[in-house]
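All values below come from the heavy atoms of this structure, side chains included, with hydrogens, waters and symmetry mates left out. Note that the structure is a prediction, hence the values are computed from the model and not measured.
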Amino acid sequence: MLRAGTLTDAPPNVYLKDGKFTGFDNDLLTAVAGKLGLKVEFVGTDFSALLSQVNNHKFDVGSSSITVTEARKKTVDFGNGYDFGYFGLDVPAGSPIKDFDQLTGKRVVVVQGTVQDDYATGKQLDPVRVPDYNGAINQLKAGTADAWIAPAEIGEKSAADSNGKITVAAKQLSPAPTAYAVAKGSDKLREALNKALDEVIADGTWNRLQAQYYPGRPIPADFTPGSGTVAAPSASASAAS
């Protein structure tokens, strides 16, 4: 059994549906664990606590579209990258904000501890930090925030589900891949996950889940999932399988 810490409220990446943890990251981890003969027990937590809980061995793995950063490498070890990400800029419908360069002096909300938090802090935006994605969405709907810097896919899904109250003003490519986190020094587990990730890339599972959760999303030319030593089947081959 692999015990994984994840989130409950961040579709399409990680979320609860009908009492079951699902989303791209979690379905991919289930497939990866399957190659190792393991089942996954998912447990919901807050993102701000996740990495320390992984390193304290409360969880074997952190699964939550975790962007690899040098700062986070001081807390946990990461497997090979399995996805790329965009920052999305969500705003209330009718907002004059159209791009990231218009956020100075605005009330910007972020989920605490995320790379979006890092971005906003680095841009000296003095962001309002909330513990989860629902908190950010509620701030936009209530008009208590001018903008939310979100993982783009989560921001797009939230806007689509908002009955026209929220729109996506802009998005930009995040500078680093996302990967599963393990406790420092968990080399055997990390290497096993890396090997199994390559297997689910090679057998078409990665492509299938990309198409399922991010239909129509282009894959950047310079992004290669996993170790880079295996190739995913072509999209047409995956669709036929």
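Atom CG of D126 has 12 or fewer neighbouring heavy atoms from other residues, nucleotides or ligands inside a 6.0 Å radius. Residue D101 qualifies as enclosed at atom CG: its count of foreign heavy atoms under 6.0 Å is above 12. Taking a 6.0 Å sphere around NZ of K35, one finds it holds more than 12 heavy atoms contributed by other residues, nucleotides or ligands. Enclosure of atom NZ in K157 is not indicated, since only 12 or fewer non-hydrogen atoms of other residues, nucleotides or ligands lie within 6.0 angstrom.
A donor-acceptor pair under 3.5 Å is formed between the side chain of T114 and the backbone N or O of D117. Distance alone, capped at 3.5 Å, is enough to place a donor-acceptor pair between the S158 side chain and the I154 backbone. Listed for the N207 side chain is a donor-acceptor partner under 3.5 Å among the backbone atoms of P233. Between the side chain of T144 and the backbone N or O of Q139, at least one donor-acceptor pair lies under 3.5 Å. A donor-acceptor distance shorter than 3.5 angstrom exists from the side chain of Q102 to the backbone of D99, with no hydrogens or angles considered. D60 places a side-chain N or O within donor-acceptor distance of the main-chain N or O of R3, the cut-off being under 3.5 Å. Panel note: side chain S227, backbone T229; a donor-acceptor pair is recorded below 3.5 Å. Checking side-chain atoms of N194 against main-chain N and O of G79 turns up no donor-acceptor pair under 3.5 Å. Under a 3.5 Å cut-off, the side chain of D9 and the backbone N or O of N134 do form a donor-acceptor pair.
Considering CG of D161 and CD1 of I137, their distance stands at 8.0 Å, rounded to 0.5 Å. Atom CG of residue L193 and atom CG of residue N80 lie 10.0 Å apart, to the nearest 0.5 angstrom. Taking OG1 of T22 as the reference point, atom CG of D27 lies at 3.5 Å (rounded to 0.5 Å). Atoms OG1 and CZ, on T45 and F47 in that order, are 10.5 Å from each other to the nearest 0.5 Å. Taking CD1 of I97 as the reference point, atom CG of D90 lies at 11.5 Å (rounded to 0.5 Å). Rounded to the nearest 0.5 Å, atoms OG1 (T67) and CZ (R72) are 6.0 Å apart.
In summary, K195 and E199 engage in a salt bridge, as defined by a charged side-chain N under 4.0 Å from a carboxylate O. Checked for salt-bridge contact, D77 and K73 miss the test: no charged N lies under 4.0 Å from a carboxylate O.
With 3.5 Å as the limit, one finds no donor-acceptor pair spanning the side chains of D46 and S48. Of the N and O atoms on the side chains of N55 and T75, not one donor lies less than 3.5 Å from an acceptor on the other residue.
Considering only heavy atoms from C-beta on, Y214 comes within 4.5 Å of N13 through its side chain.
Classified by interplanar angle (parallel below 30°, tilted 30° to 60°, perpendicular above 60°), the ring pair Y119/F87 is perpendicular. Ring geometry, Y213 versus F24: the interplanar angle exceeds 60°, so the pair is classed perpendicular (tilted spans 30 to 60°).
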Next item on the list: Take D83 and Q210, measure what side-chain hydrogen bond (donor to acceptor under 3.5 Å, both in side chains) needs, and give me the verdict at the end.
Entry: CA-CA 9 Å; D83 202 12; Q210 283 279 325; 3.0 Å; yes

Note to self: Let's go through S65 and D25 carefully: what are the C-alpha distance in whole Å and the side-chain angles of both, what is the deciding distance for side-chain hydrogen bond (donor to acceptor under 3.5 Å, both in side chains) to 0.1 Å, and is it a yes or a no?
What the structure shows: CA-CA 7 Å; S65 289; D25 301 65; 3.0 Å; yes

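For the side-chain contact (heavy atoms from CB on, under 4.5 Å) test with R129, the passing option among V111, V110, V109 is V110; the others fail. Among W206, Y180, F223, the single residue meeting the ring-ring contact (aromatic ring centres under 6.0 Å, His included) criterion with Y82 is Y180.
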